[in-house]
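The next block holds one structure in the form of structure tokens; read it before the comments.
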Amino acid sequence: MPDPSDLPDDAALAAQYALPPTGGRPHVRLSFVCSVDGAITTGAVSKGLQTPGDNRVYQELRTLTDVVLVGAGTVRSEGYGPARVDPERRARRRALGLAEVPTIAVVSASLDLDPSAALFTAAAARTVVITHAGARAGRRAALAEVADVIIAGESAVDAALALEELAERGLTRILCEGGPHLFGSLLAAGHVDELCVTVSPLLVGPGPGRMVAGLPTGAPVGMRLDHLLEEDGALFCRYVAQ
């Protein structure tokens, strides 16, 4: 843990979260914020758990990624819009060999998404929608007008196939921002390479769920603590798969 109690400057923070070469395969990093007692929301959204340091880490993780992967439920509850990248971060992304703006990819089995939303109509990088072959054809056609639609699976979204489809498009550095069921499907598929967690110094109490949901995945997956940073009582943890 660093001393004094402050996050490092931008350059050092970027070094803390630098990604290894992907070698053309998908590298999946998950990002969550939770309270000390494990809540991932307060008032049904994550905003009340965020801290200034968490917002810095959030921006840094997005700066280092090709694509932000997110479930449709999280898009609706958190009010997702298109990625916004300032000129300084655009320059940093270019220097890293990345597109100026990360792509946002939304996973949705039902395609309960609004094609007129800014996430689709105002995105600098065309948004991707990942669904399955059994999704309603009318919804697929409407979203295909404003997004690139990927079919991954027959009657449910196949997480492993979805990652392969993203990698074929050159989107190998994948940042998953939730929600819990998407985390669960990636864990079940054996595709969790990293987990970056901010532990906010709050007790929320009963009600909100955990950061992972879905069917049991079998034996626990071992993770190694890569670093632990602290600022104003909030902990910033980076775990990597063993």
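As a basis for the values below, the full set of heavy atoms in this structure was taken, side chains included, without hydrogen atoms, waters or symmetry mates. A quick note: this is a predicted structure, and the numbers were derived from the prediction, not measured.
- Looking at Arg173 and Val67, their side chains never come closer than 4.5 Å, going by heavy atoms from C-beta outward.
- Using a distance-only test at 3.5 Å, with no hydrogens or angles considered, a donor-acceptor pair links the side chain of Arg238 to the main chain of Gln16.
- Evaluated for a side chain to side chain contact (heavy atoms under 4.5 Å, CB included) with Leu119, the options Val70, Leu113, Val75, Asp114 yield exactly one hit, Val75.
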Please list, one pair per line, the donor and acceptor atoms closer than 3.5 Å that link side chains of residues 202-212 to other protein atoms, with sequence neighbours excluded.
none

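- Side-chain atoms of Ser35 come within 3.5 Å of backbone N or O of Ala39 as a donor-acceptor pair.
- Residues Leu30 and Cys196 fail the side-chain proximity criterion, which asks for heavy atoms closer than 4.5 Å.
- More than 12 heavy-atom neighbours from other residues, nucleotides or ligands sit within 6.0 angstrom of CG on Leu225.
- Under the 3.5 Å distance criterion, the side-chain polar atoms of Glu164 are left unmatched by any main-chain donor or acceptor of Ala167.
- Exactly one residue among Arg126, Arg140, Arg169 makes a salt bridge (charged side-chain N to carboxylate O under 4.0 Å, His left out) with Asp148. That residue is Arg126.
- Of the possible donor and acceptor atoms, one in the side chain of Asp193 sits under 3.5 Å from a partner among the backbone N and O of Val28.
- A donor-acceptor pair is defined here as one N or O able to donate and one able to accept, closer than 3.5 Å; such a pair exists between the side chain of Asp66 and the backbone of Thr172.
- Between Thr51 and Glu231, the side chains place no donor N or O within less than 3.5 Å of an acceptor N or O (distance only, hydrogens not considered).
- Under the 3.5 Å distance criterion, the side-chain polar atoms of Thr65 are matched with a main-chain donor or acceptor of Leu175.
- Side chain of His27 to main chain of Ile174: no donor-acceptor pair is present (N/O by atom type, distance under 3.5 Å, no hydrogens or angles).
- A 4.5 Å side-chain heavy-atom check between Val199 and Val36 finds at least one atom pair inside the cut-off.
- Side chains of Ser110 and Asp112: a donor-acceptor N/O pair is absent below 3.5 angstrom, by distance only.
- No donor-acceptor distance shorter than 3.5 angstrom exists from the side chain of Glu154 to the backbone of His132, with no hydrogens or angles considered.
- Side chain of Arg93 to main chain of Ala99: a donor-acceptor pair is present (N/O by atom type, distance under 3.5 Å, no hydrogens or angles).
- Residues Val128 and Val106 fail the side-chain proximity criterion, which asks for heavy atoms closer than 4.5 Å.
- A salt bridge does not link Asp54 with Arg56: none of the charged nitrogens is closer than 4.0 Å to a carboxylate oxygen.
- Side-chain contact, Arg89 with Thr63: a donor N or O sits under 3.5 Å from an acceptor N or O.
- Within the 4.5 Å cutoff, the side chain of Val221 has heavy atoms near those of the Leu187 side chain.
- A side-chain donor-acceptor contact under 3.5 Å links Tyr80 and Glu177.
- In this structure a side-chain-to-backbone donor-acceptor pair under 3.5 Å is missing from Arg224 to Ala241.
- When ring centroids are compared, His227 and Tyr17 come within the 6.0 Å threshold.
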Query - Test side chain to side chain donor-acceptor pair (under 3.5 Å) applied to Ser200 and Gln50, step by step - result: CA-CA 7 Å; Ser200 185; Gln50 297 166 11; over 6 Å; no

